[in-house]
Each structure stands twice: as structure tokens, then as C-alpha cells.
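Inspection log for the structure reproduced underneath, given as C-alpha cells.
Starting from 1, each residue takes its place in the sequence as its number.
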Amino acid sequence: MHLRVVGRPPDLSPEKLAPQARACLALADARTLAEWVGDGREVTTRGVLKPAAAVEACDLLGIEPPSRKPRSALDIDALMMVWMAACAAGFIEVSRSRVTTGPTLRLWQEGTPDIVLTIWSKCVLESIGLAGETNEDGLEYLAVLATLDGHGGVASLRDLTAAIAQVNGGASACACPECASRAPDADESDAQDVVLDLGEFGIAVLADDVVELMPLGHWLTDFMFRESAPSAQVDAAGLIDELSQFPEMVAVLMARPWLSARTPAAAVRDLLAVAESLTGRERLIALTVAQEGGPEAAPAWREWAARDGFGAYARIWLAKQDGAEPAAADSAWTAADALAMLVDTLRRDVALEFVPALLQAEAGTDLARTVAELRTCGHPSAPRLVKLLSGASGGEVAF
């Protein structure tokens, strides 16, 4: 399938975008609901409209409730989406037994374009779970937005499905440069649902199986992945500390301003130095970002290739550039490092009896070969991994 390549819209000014934000379906409905609330409506102890009022609100918004006598407004999903958007935007406020219009509604109607976009973006980020600590659902939206941004604003539904599968599967335990992503299966309906939700805010549009960012979507991804990116002035350790909370695809996007402020070799040299001192997810992020240095970073990779241990990552990178197979010893070392990362991320109360099976699944079917390679790879965690893979002990994992 061939996707047309589009550039960023020429005008992402607040003056152009504010009318689009006001007109998006989610905020238009939220405004309608807030104006209907007026001076106040009674709510239940769970902070939602009482059933009769919920049906009245549905009629106003053109929502068909599942019943004319619902048990609770919480049972009307479409209404609750509008309700939550109105709350997130500050159009309504719930206090004790009543809901009233909030002060933000007037700012939305009369405020400057900058204020409108501030309200819109706050509502969007809260509604899709990206305000504060990102939840599991929020990761799916983050993956879709990052993929669209990385593809220039246009991506296939298949691409977005793969991105969702990747974040739902968690970070790959293997951090070696040659390791391909092994994302679990995902249903395209998941990606479609995410895109349709984004469409409610005027962010993206779906046509057949192609998704395109709208101007508001370009503005949002610019804000998320560039304007909110770590400062180019922080050191490599600070960069990775900030990026480690994000999925790899997002971390790469947010690292680009930092990378652009340095030569590729200098950036990769600093990232590898930090990666060697880190463990687990932080090391994985540092290595992933280092891949963005491209061929011009080869001098830094060659410097690290001369080192024992962690230098295996550099030697594998260089072998890949030459189209050669990595040395077996280097592959074994990075495999041991990946397995050690996996063990280090396990909960401290995981019974040791379950660890061998988990590690065996990660190591693959040729367990005997894996154990033999671990014994000779020289990785400091190898003895512990051999013991765990052999299931030689009982009790709990010793961290």
C-alpha cells in the first residue's frame, strides 16, 4: 500500500486553530451540556446526573440511551464521554450534590485563541489519559499519535495496530541493536477505536484504512513531542531520566531536539557512556535513542567496540552496518544482558519456581544452547541466570 506523503500544515497559528477547537464534536457537545446545566442540576452520590436528568441530557445531545429509565447515568457510555470531557475542560464543576457551570466555559466562549487552545489541549490530554501519570489506555493513544507524527501525519491502520501492540506488550527485554520487535497480536478495531476517539477532538480522521492528522493533531503532536521534549541543554543522563517514562517510539521522537544540538558521534558517545552505567529500561532507552545517530555516529560506536563487556553492543551495531553476522560471543553477552534486565524488573516477591519458565520462554526453545552460551559469555549476571534457567534453587528471587 502506498501512502501519500504530506507536509505539516503551513499555518498552525492559534488564530487558525481556535475555531477548529471550538467546533470539534467533543468540546461542542461538552459546551452544550454545560449550558444546559446552567445554575445547577442535582447529582447522585457518585457525582453524576440523576437518571431522569441523564435521559433529558441525552435527548439534548442526540444520544440514544439504552433505556428510558436507566439505572444510572454511568450506564450511558456516550453521555459519560461528554460528561468527562466537560469536566476535563472545566465547563462543569461537581460539588457535593450539584453540578454547575465552571468558570472555564466563559473563557472558552470569549477568550483569546491561545486560551482556547490551552483549554482544548488540557481537555484532550485528560480525556485520553495523558495528563499526569499515563495509564494503560493512555499508552495506546500515545502510540497512535507518535506513529502518526513519525510518519509525517499519515499512517495505515495496520501501522497503528502494530504500534498499539508494541506498547501493550511492554518494552522488549532485548536491548541489542539487532533485535527485532516481537509485538503481540492486536486487532485493528483497537486502533480504529482510538482514532475515532481522537476524531471527536478534531485530531485525526480515518478514511478506509488510512489515518491522517488534522491541523489540530499536528499542533498537538508538535506540543507533545517537540515543545515538551527535554531541553537540548541537559546531559545524556538527564535526557534518559526524562525519557524513561515513555514508550521507545515516543522517547525517540522527544530525543530529536537533543540529538540535533550535537554531532551524531558526540551524542552517541555520551549516550553509550550513560547506557553502560544504567540497567533495565533506562539502558534500553539509551541504546534505542543511540540508534538515531545513524552512520555518521560510527566513530563513537568504533570507540566502544574496543571495550570488553558492554562493547558487545557497539560491535553488533558495526557488524549490522557491514551486513555481517555478529560474533557469537557478543550475541551471547547481549542476550545475557537482556535476560538480566528481565529478572531485574520482576517483583521482589515473585516465587523463584516461576522464574525459570519465564526465562525459558524468553530464551527460546534451545535452552541447553542458551545455558552453554551463558556459561562462557562473561556477563556478570551469567552465573545467576544459569542457576535460574536450571531451576536449581527454591524460595524467592534474590535481587
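- The main-chain N or O of D75 is never found under 3.5 Å from a side-chain atom of S72 such that the two would form a donor-acceptor pair.
- Across every non-hydrogen atom of L272 and A300, the tightest pair is CD1-O, 4.4 Å.
- Counting all heavy atoms, side chain and backbone alike, L139 lies closest to P247 at CD2-CG, 3.7 Å.
- Side chains of Q291 and E248: a donor-acceptor N/O pair is absent below 3.5 angstrom, by distance only.
- Between the side chains of D159 and S156, at least one donor-acceptor pair of N or O atoms lies under 3.5 Å.
- The closest donor-acceptor contact from the side chain of D187 to the backbone of D190 lies at 3.5 Å or more, if one exists at all.
- Rounding to the nearest 0.5 Å places CZ of R384 at 10.5 Å from CG of L339.
- Around atom CE of M84, no more than 12 heavy atoms belonging to other residues, nucleotides or ligands sit under 6.0 Å away.
- Side chains of Q321 and W301: a donor-acceptor N/O pair is absent below 3.5 angstrom, by distance only.
- Cluster membership check: F246 shares its hydrophobic cluster with I285, using side-chain heavy-atom separations under 4.5 Å among Ile, Leu, Val, Met, Phe, Trp and Tyr.
- Looking at T221, its side chain does come within 3.5 Å of a backbone N or O of H218 through a donor-acceptor pair.
- Counted within 6.0 Å of CG on D308, heavy atoms from surrounding residues, nucleotides or ligands total 12 or fewer; the atom is thus considered open.
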Could you pull out every donor-acceptor pair under 3.5 Å between side chains of residues 96-106 and any protein atom, sequence neighbours left out?
residue : atom : partner : partner atom : Å
R98     : NH2  : G40     : O            : 3.1
R106    : NE   : E110    : OE1          : 3.2

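- The heavy-atom pair separating S127 from A85 by the smallest distance is OG-CA, 4.1 Å.
- In this structure, the side chain of R315 does not engage the main chain of D330 through any donor-acceptor pair within 3.5 Å.
- Between G202 and L216, the shortest heavy-atom distance links the atoms O-CB, 3.5 Å.
- Side-chain N or O atoms of R41 include one that pairs as donor or acceptor with a backbone N or O of W36 at under 3.5 Å.
- Taken from CZ in F91 to OG1 in T32, the straight-line distance is 10.0 Å, to the nearest 0.5 Å.
- In this structure, K122 contributes its side chain and A88 its backbone to a donor-acceptor pair below 3.5 Å.
- The side chain to side chain donor-acceptor pair (under 3.5 Å) check on D197 picks up Y141, with sequence neighbours excluded.
- At distances below 3.5 Å, not a single donor-acceptor pair connects side-chain atoms of E227 with backbone N or O atoms of M224.
- Remark: the backbone N or O of V234 is paired with a side-chain donor or acceptor of W258 at under 3.5 angstrom.
- Ring planes of H379 and W333: tilted class, angle from 30 to 60°.
- Nearest approach of A21 to L27, heavy atoms of both residues: O-CB, 4.0 Å.
- Around CD of E15, the count of heavy atoms belonging to other residues, nucleotides or ligands within 6.0 Å exceeds 12.
- Within the 3.5 Å criterion, the main-chain N or O of V55 finds no donor-acceptor partner in the side chain of R68.
- Considering only heavy atoms from C-beta on, E140 comes within 4.5 Å of N168 through its side chain.
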Going by atom type alone, with no hydrogens or angles, which donor-acceptor pairs under 3.5 Å involve a side-chain atom of residues 112-120 and a protein atom two or more places apart or on another chain?
residue : atom : partner : partner atom : Å
T112    : OG1  : I115    : N            : 3.4
T118    : OG1  : D114    : O            : 2.9
W120    : NE1  : F201    : O            : 3.2

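- Here the closest heavy-atom approach between residue T147 and residue A163 is recorded as OG1-CB, 3.1 Å.
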Practice problem: Any chance you could lay out the side-chain hydrogen bond (donor to acceptor under 3.5 Å, both in side chains) test for Y313 and D337, step after step, and finish with the verdict? | Solution: CA-CA 10 Å; Y313 285 107; D337 205 40; 2.6 Å; yes
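- Counting heavy atoms of neighbouring residues, nucleotides and ligands inside a 6.0 Å radius, atom CD of E35 exceeds 12 of them.
- Side chain of R262 to main chain of A232: a donor-acceptor pair is present (N/O by atom type, distance under 3.5 Å, no hydrogens or angles).
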